[in-house]
Amino acid sequence: MDLDVLVRGGLVVDGTGEPASHGDVGIKDGLIIGVGRLGEVEARQVIDARGRVLLPGFVDCHSHGDAKVFEPAVQLAMVRQGVTTILLGQDGVSFAPVSSRSALEFVSRYFAAINGWHPGVDGAVSVGELLAGYDQKAAVNTAYLVPHGTVRYDVMGAAERAADRDELLAMRTRVERGLSEGAVGLSSGLEYVPGRYADAGELAELCALLQGLPYVTHMRGYGASAGVGMAEVIEIARRSGAKAHVSHYHGPADDLLPLAAKAREEGVDLTFDTYPYMRGSTILGMVVLPAWVPAADIDAAMDTLTTQGERIKREWSEIVWDRLTLAHAPGVEWAEGLTLPEAAERHGTGVEEFCRTLLIETRLEAGCVMARPDEGPEADRSVRTIMRDPGHLGGSDGIHLGGHPHPRAYGTFARYLARHVRDLADLTWEQAAVHLSAHPARRFRLGDRGLIRPGQIADLIVADPATLADQATYQNPRELATGIDDVLVAGVPVLADGRLTGATPGRALRAA
């Protein structure tokens, strides 16, 4: 047997859920061609995995690396956690398909605090063209969801109303083309604009085009409103026949898991993703701006913040400001890492006025980390309970922008392995490989990935159980994870001895 790479002597967790066993993995031409005791074979490169665990590369089912994935530092943060594939186009807003510069300007500006600014797109772009721009430009694979909000804005602009029949037909055309060009599903963001202006009928008609691919949704309600959000998911799935996947499904397990069970009882093929942290992170404007502020029209929003400032500040009287920490504030970087009251005190103004001024100065390009009021043992129990559900998949919701991002972008998958597999045994190694690799690869039709089996593409990680740790914290959120020092993508080493090799074999994956 003549191999390109031989990974020798590790504990092979193959992604099937079957018990792990010690052995070797042989790789040639990007494919796994042998698993087990391979004996004396020739290989151009040998990775000694004795004392370490071999797992199929992880699929991050909710990533905001749409623009940042080209940066080596971001790729390093991903592969140091064992992530070899990321799913982009999340929450209904990303860079394609757009048919005009004005539409691109909106989706770029509105989600700039989440996705960043794409370095290779400056005008009209299709899903196929966007995917081509990712191909072999990064150490990790990328897959893309058609973002409903982008499609809606491209057709309807900032309109705060239901789509008419011609507009819906135009949206259908864009979604159909995006799927034909390789998108792996359709996403929506129903607490963001313009997605929040769509009704279930509009979404169901677009989801009817999915042909077995998932409808991925940031629901219209979480927390106390999760029942409302899930009821709409059920309605859309039943009317369209689509599979459903709920993004960042966080909250009390005793409330959320019965809702998921009810959806399945009603015939919905449902999965969801979570990250193992209690705090959230998003656009500051989404958290604080009243619904009547026209956030889909940036210029109008600026005018409203200027002329209706006193009204807005009165409506902010119920916000618990010290739960919000600034993650990203271009031009106001000194405030990143501070809570809103701390930043306001340094600025010498009241917190409401500081927030209003900040949103104007950044043109809404400000992001925050949000603490939950119930952080503590019960919330931690919910995080641990939800991840054990068979419908659970891993997703970081990682945002790689700003001086003080949420640590989930740098630690999610290492935290799964270190805390929830090794330390707490919430999942076994075998179950973790299913939740984080095999199941998402099947769910999103990512081809022959997610398993360590002959004939599979060799996306592979080698983890040291003794040194696995997520080092990123809320205080120091950009610390790299430890314990995963060797990663291969399509059989090519992209991480060796904890360092990037410089290879960029990552492919833009099309739905298989």
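Hydrogens, waters and symmetry mates play no part in the numbers below; they use all other heavy atoms, side chains included.
Pairing each heavy atom of Ile312 with each of Thr304, the nearest pair is CD1-O, 4.0 Å. The two residues Leu256 and Ala226 come nearest to each other via the heavy atoms CD2-CB, 3.6 Å. When all heavy atoms of Pro97 and Pro147 are compared, the pair lying nearest together is CD-CD, 4.3 Å. The two atoms that bring Pro194 and Phe106 nearest to each other are CD-CE2, 3.9 Å, heavy atoms only. Looking at every heavy atom in both residues, Gly133 comes nearest to Lys137 through O-CG, 3.2 Å. Pairing each heavy atom of Arg372 with each of Gly251, the nearest pair is NH1-N, 4.0 Å.
Glu352 meets the salt bridge (charged side-chain N to carboxylate O under 4.0 Å, His left out) test with no other residue; sequence neighbours excluded. In this structure, the salt bridge (charged side-chain N to carboxylate O under 4.0 Å, His left out) partners of Asp426, at least two apart in sequence or on a different chain, are Arg384, Arg388. Residues that satisfy the ring-ring contact (aromatic ring centres under 6.0 Å, His included) test with Trp316, not counting sequence neighbours, are Trp321. Asp273 meets the side-chain contact (heavy atoms from CB on, under 4.5 Å) test with Cys61, His62, His245, Ser247, His248; sequence neighbours excluded. By the salt bridge (charged side-chain N to carboxylate O under 4.0 Å, His left out) test, Arg196 is found to be paired with no residue, residues two or more places apart in sequence or in another chain being considered. Residues passing the salt bridge (charged side-chain N to carboxylate O under 4.0 Å, His left out) test with Asp199: none are found, sequence neighbours excluded.
Within the model, atoms CG of Asp470 and CG of Leu480 stand 12.0 Å from one another, a figure rounded to the nearest 0.5 Å. Atoms CG and CD1, on Leu364 and Ile283 in that order, are 8.5 Å from each other to the nearest 0.5 Å. Separation of atoms CG (Leu284) and CG (Leu358) is listed at 6.0 Å; rounding is to 0.5 Å. How far CG of Asn141 is from CE of Met78: 11.5 Å, rounded to the nearest 0.5 Å. From Leu305, atom CG reaches atom OG1 of Thr357 across 9.5 Å, with rounding to the nearest 0.5 Å. To the nearest 0.5 angstrom, Ile236 atom CD1 is 11.0 Å from Met219 atom CE.
Under the 4.0 Å criterion applied to side-chain N and carboxylate O atoms, Glu353 and Arg356 are assigned as salt-bridge partners. Under 4.0 Å is where a charged nitrogen must lie from a carboxylate oxygen, and between Lys68 and Glu71 at least one such pair does. With salt bridges taken as basic N to acidic carboxylate O contacts below 4.0 Å, none links Glu375 and Arg323.
Listed by first and then second residue, the salt bridge (charged side-chain N to carboxylate O under 4.0 Å, His left out) pairs involving residues 101-120 are Arg109-Glu365 (not counting sequence neighbours). Pairs of residues two or more places apart, or lying in two chains, that qualify as ring pair (Phe, Tyr, Trp, His ring centres under 6.0 Å) and include a residue from residues 380-400 are His392-Tyr416, His392-His435, His400-Tyr410. Residue pairs that meet the salt bridge (charged side-chain N to carboxylate O under 4.0 Å, His left out) test with at least one member in residues 392-402, sequence neighbours left out, are Asp397-Arg408. Residues in residues 221-243 take part in these salt bridge (charged side-chain N to carboxylate O under 4.0 Å, His left out) pairs, two or more places apart or across chains: Arg220-Glu232, Glu235-Arg239, Arg238-Glu266. For residues 244-259, the pairs satisfying salt bridge (charged side-chain N to carboxylate O under 4.0 Å, His left out) are Asp254-Arg381, with sequence neighbours left out.
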message: What verdict does the side chain to side chain contact (heavy atoms under 4.5 Å, CB included) test give for Leu436 and Asp60, after you've listed the backbone C-alpha separation in whole Å, the side-chain angles of each residue and the deciding distance to 0.1 Å?
response: CA-CA 8 Å; Leu436 307 181; Asp60 187 343; over 6 Å; no

> Are Tyr134 and Asp66 close enough, and set up right, to give a side chain to side chain contact (heavy atoms under 4.5 Å, CB included), and what steps lead you there?
Replying inline: CA-CA 9 Å; Tyr134 291 122; Asp66 303 52; 3.9 Å; yes

As a quick check of understanding, evaluate salt bridge (charged side-chain N to carboxylate O under 4.0 Å, His left out) for Glu205 and Arg165, giving each step before the final call.
CA-CA 11 Å; Glu205 184 149 348; Arg165 176 48 50 180; 2.8 Å; yes

### Task
Run the numbers on His406 and Tyr474 for ring pair (Phe, Tyr, Trp, His ring centres under 6.0 Å), then give the verdict.
CA-CA 7 Å; His406 194 298; Tyr474 292 114; 5.4 Å; yes

**Message:** For a side chain to side chain contact (heavy atoms under 4.5 Å, CB included) check, start with the C-alpha distance between Val434 and His439, then their side-chain angles and the critical distance, and finish with the verdict.
**Reply:** CA-CA 5 Å; Val434 173; His439 195 176; 4.3 Å; yes

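Side-chain contact of Gln90 with His64: a donor-acceptor pair under 3.5 Å is absent, judged by distance alone. For the residue pair Asp322 and Thr339, no side-chain donor N or O sits within less than 3.5 Å of a side-chain acceptor on the partner. A donor and an acceptor atom, one from each side chain of Arg449 and Thr85, are nowhere located under 3.5 Å apart. Between Tyr192 and Thr282, the side chains place a donor N or O and an acceptor N or O closer than 3.5 Å (distance only, hydrogens not considered). Residues Ser240 and Tyr215 have side chains that never bring a donor and an acceptor to within less than 3.5 angstrom of each other.
In this structure, Tyr153 contributes its side chain and Val107 its backbone to no donor-acceptor pair below 3.5 Å. Without hydrogens or angle criteria, Asp91 side chain to Gly189 main chain gives no donor-acceptor distance under 3.5 Å. A donor-acceptor pair under 3.5 Å is absent between the side-chain atoms of Gln136 and the main chain of Gly506, judged by distance alone. At least one donor-acceptor pair closer than 3.5 Å links the side chain of Thr473 to the backbone N or O of Asn476. Distance alone, capped at 3.5 Å, places no donor-acceptor pair between the Tyr144 side chain and the Leu130 backbone. Between the side chain of Thr217 and the backbone N or O of Val246 there is no donor-acceptor pair closer than 3.5 Å. In terms of modelled atom types and a separation under 3.5 Å, the side chain of Ser180 and the main chain of Arg177 share a donor-acceptor contact. Looking at Glu378, its side chain never comes within 3.5 Å of a backbone N or O of Asp374 through a donor-acceptor pair. At distances below 3.5 Å, not a single donor-acceptor pair connects side-chain atoms of Asp459 with backbone N or O atoms of Val140. With hydrogens and angles disregarded, a donor-acceptor distance shorter than 3.5 Å links the side chain of Ser187 to the backbone of Gly89.
You'll find the ring centres of His250 and Tyr275 inside the 6.0 Å limit.
The side-chain tip of Arg161 does not point at the ring of Tyr197 from less than 6.0 angstrom away and within 45° of straight on.
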Quiz: residues 116-125 side-chain donor-acceptor pairs under 3.5 angstrom, not counting sequence neighbours:
residue, atom, partner, partner atom, Å
His118, ND1, Gly120, N, 2.9
His118, ND1, Val121, N, 3.4

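Heavy-atom contacts from other residues, nucleotides or ligands closer than 6.0 Å to CZ of Arg363 number more than 12.
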